[in-house]
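Shown next, in structure tokens, is the structure this report addresses.
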Amino acid sequence: MSSSPQSAFSTRTRLLLIMGVTTALAAVSLIAGLSTARAADPTLHQLAAAKGKYFGSATDNPELTDTAYTAILGSEFGQITPGNSMKWDTTEPTRNTFAFTKGDAVVSFAKSHNQIVRAHTLVWHSQLPSWVSSLAATEVQAAMENHITQVATHYAGQVYAWDVVNEPFNEDGTFRTSVFYNAMGSGYIATALRAARAADPTAKLYINDYNTDGAGAKADAMYNLAVSLKAQGVPLDGIGFQGHLAIQYGFPTNMQANLQRFADLGLDVAITELDVRMILPRDATKDATQSTYYTNVVNACVAVTRCVGVTIWDYTDKYSWVPSVFSGQGAALPWDENLAKKPAYTAIYQALGGIVSTTSPSPSSPAPSTPAPQNGCKVVYTANPWTEGSGVGGFTASITITNTSSTAINGWALRFSLPSGQTLTQSGWNATYAVSGQAVTATNLSYNSTIGANGSTSIGFNGRWTGSYTSPTAFTLNNVTCS
Ligand code: G3I
């Protein structure tokens, strides 16, 4: 299999895909409806494919009987990952007895929907049957190699990539003391990769972990491991960054630069299990922050040539693993429990280059003429500026607009001035942005045109700064000064 994820598609499929994207992009309006898809909308995968990447989702066998669910799974995504059915406890529940029915069902779904499969996972300390954990240390290597050989041989030629080793590190960057590490030391990773390559010469072979998305000790440990494996000539093709994020913990530091340093080793990189959880209940502010996180992850992958794609860890809150593990948390995915698109979907869509067109006024149109709020408005502007060199950097701005009046606003325009040296790098989200010099006008979209009495709405955009970063200080909403 060649180095591009697109190589897993047939030539015809790729042509159709490119034609589909081209046609869609040429359409007069590309509308990312929040809850209803239109025939002309490009899918997330089509948008990603136009950038040479895939956009995928995890899935699981019980969900494949949900026809409303599979309709979206089969159409919106170009890649799927079995969430559980290729793990050791499913594929080899008792020693040397292999079960491929569930994994085969996921591969079959992928084939019938022109999707590639990221196979997950061969060697992991979790979801491991007890017979493995009970082995004498001297037996573990043979059992591991047999497992890899049997499973990877079964799927050879049918999967794009394998997460050969999953989650080898502790948070401090030391190796996790799994049954494999305890028996073989860190050399188990090279042994596993070699066995996987022997069984499936075409699949891309990955090591995959969480909390390695941004700079830190765990990411450094993964980097050092990758350097070492490459130096030994071990067959390692890529590093998977799971991307299990939470808005209450902040966005990973320097994600793009972190991905890039692995790419610079000659490795592919992929976001393999993205979700962005929050403390429930959802609200507009949390959704806006979550949208920013999704935007930032997609932007990071798009900016790194060897980032081959992004996979979300299932696409709907209906089937997310989060609530069962993190009590009181959830709403982590771009589609809600009813399979309706959330703001995070629009954020991904726009970050992949999709254009949201609305019936709201064009950027150059004057502000809506609806009455200004009688008692005013409040604006909270937050940004996370980062530095990319001496006196230059980027930032993501999140703006929460609150109508402090006792009557609803129908149609709004928020105006403010970017400090000198700052520019918008994207059209932003949840508003249409018009920029003239440093003056910015953010106008409502159709779905957030009304801000109820004492209600709020959140918008945001990405920007660049030079000199030193400061935030805008003065805002008007429909020409009324906000606090
Ligand atoms: O299949 C049994 C079912 O028979 C039983 O009735 C039920 C009762 O709890 O459990 C079912 O198994 C569950 C399995 O998912 C299948 O649904 C397990 O309890 C549950 O622990 C398991 O959770 C999976 C988790 O990995 C296990 O660590 C999640 O679905 C899966 O999404 C999650 O995925 C992991 C990645 O593999 C690695 N990275 C982290 C990610 C999230 O934890």
Side-chain angles (χ1 to χ4, degrees), residues 1-10 13 54 56-64 73-74 77-124 126-129 132 142-167 180 188-189 191-208 234-240 242 268 270 272-273 308-309 311 313-314:
M1 205 167 283
S2 75
S3 62
S4 164
Q6 302 313 317
S7 62
F9 295 104
S10 68
T13 304
Y54 59 77
S57 173
T59 188
D60 208 357
N61 296 74
E63 305 157 26
L64 297 178
L73 182 72
F77 304 98
Q79 175 273 320
I80 57 175
T81 303
N84 284 300
S85 58
M86 291 188 188
K87 291 172 178 173
W88 198 317
D89 60 354
T90 300
T91 52
E92 194 186 4
T94 55
R95 191 167 190 176
N96 221 18
T97 300
F98 290 87
F100 297 119
T101 308
K102 290 182 175 176
D104 288 353
V106 174
V107 170
S108 172
F109 184 94
K111 282 180 182 166
S112 59
H113 294 86
N114 289 320
Q115 295 167 320
I116 57 173
V117 175
R118 289 197 84 262
H120 173 85
T121 174
L122 291 167
V123 181
W124 189 27
S126 183
Q127 285 174 283
L128 197 59
V132 182
M144 181 186 81
E145 289 179 316
N146 185 51
H147 179 77
I148 293 169
T149 301
Q150 297 299 325
V151 178
T153 298
H154 178 82
Y155 289 111
Q158 303 186 77
V159 300
Y160 163 67
W162 263 110
D163 288 329
V164 177
V165 175
N166 197 40
E167 302 175 3
F180 308 105
Y188 85 88
I189 296 171
T191 302
L193 288 161
R194 289 189 173 109
R197 175 64 93 236
D200 184 347
T202 59
K204 297 291 182 188
L205 305 183
Y206 275 69
I207 304 171
N208 189 49
V234 174
L236 173 68
D237 300 309
I239 302 295
Q242 293 188 4
D268 287 346
T272 54
E273 305 183 14
V308 294
T311 307
W313 204 239
D314 225 313

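Side chains are part of it too, since the values below use all heavy atoms of this structure and drop only hydrogens, waters and symmetry mates. All figures in this text were calculated on a predicted structure; none of them were measured in a lab. Count residues from 1 along the sequence.
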- request: Quick one: pull up CD in Q150 and OG1 in T97 and give me the separation to the nearest 0.5 Å.
  value: 10.5 Å
- prompt: Is it true that a side-chain atom of N208 and a backbone atom of D163 form a donor plus acceptor pair closer than 3.5 Å?
  reply: no
message: I need the single residue from V151, V159, T149 that forms a side-chain contact (heavy atoms from CB on, under 4.5 Å) with D200. Which is it?
response: V159
- line: Checking W313, Y206, W162 against H120 for ring pair (Phe, Tyr, Trp, His ring centres under 6.0 Å), the one that qualifies is W313
task: Over all heavy atoms of both residues, which pair between V308 and A270 is shortest? Give the atoms and the distance, please.
output: CG2-CB, 3.9 Å
- request: Spell out, as yes or no, whether a donor-acceptor pair under 3.5 Å connects the side chain of S112 to the backbone of F109.
  value: yes
field: Close side-chain approach of L73 to H113, heavy-atom, < 4.5 Å
entry: no
- line: Rounded to the nearest 0.5 angstrom, the CD-CD1 distance for E92 and I148 is 10.5 Å
- prompt: Taking side chain as C-beta onward, heavy atoms only, is I189 less than 4.5 Å from L236?
  reply: no
- request: For residues Q127 and N84, report the shortest heavy-atom separation together with the two atoms involved.
  value: NE2-OD1, 2.7 Å
- prompt: Between R118 and P82, which heavy-atom pair has the shortest distance, and what is it?
  reply: O-CD, 3.3 Å
- prompt: Between V123 and A192, what is the shortest heavy-atom contact and its length?
  reply: CG2-CB, 4.1 Å
query: Would N166 and Q242 count as a side chain to side chain donor-acceptor pair (under 3.5 Å) if you check the C-alpha gap in whole Å, the side-chain angles of each, and the deciding distance to 0.1 Å?
result: CA-CA 10 Å; N166 197 40; Q242 293 188 4; 3.3 Å; yes
- prompt: Hey, what do you get for CG (D314) to OG (S57), rounding to the nearest 0.5 Å?
  reply: 4.5 Å
- request: Flag the pair L64 / K102 as yes when at least one side-chain heavy-atom distance between them is below 4.5 Å, and no otherwise.
  value: no
query: Can you name the nearest heavy-atom pair linking H147 to L122, along with the distance?
result: CD2-O, 3.5 Å
task: Go through the steps for F98 and H154 under the test side-chain contact (heavy atoms from CB on, under 4.5 Å), then give the verdict.
output: CA-CA 10 Å; F98 290 87; H154 178 82; over 6 Å; no
- request: Using the six-membered ring wherever Trp is involved, compare the ring planes of F100 and Y155 and label them parallel, tilted or perpendicular (cut-offs 30° and 60°).
  value: perpendicular
- prompt: Is the closest side-chain donor-acceptor distance between T311 and Q79 under 3.5 Å?
  reply: yes
- prompt: Which heavy-atom pair separates N146 from N96 by the least distance, and what is that distance?
  reply: ND2-OD1, 2.9 Å
message: What I'd like to find out is whether the side chain of I207 reaches to under 4.5 Å of the side chain of V164, using heavy atoms alone.
response: no
query: With a 4.5 Å heavy-atom cut-off, do W88 and T121 have their side chains touching?
result: no
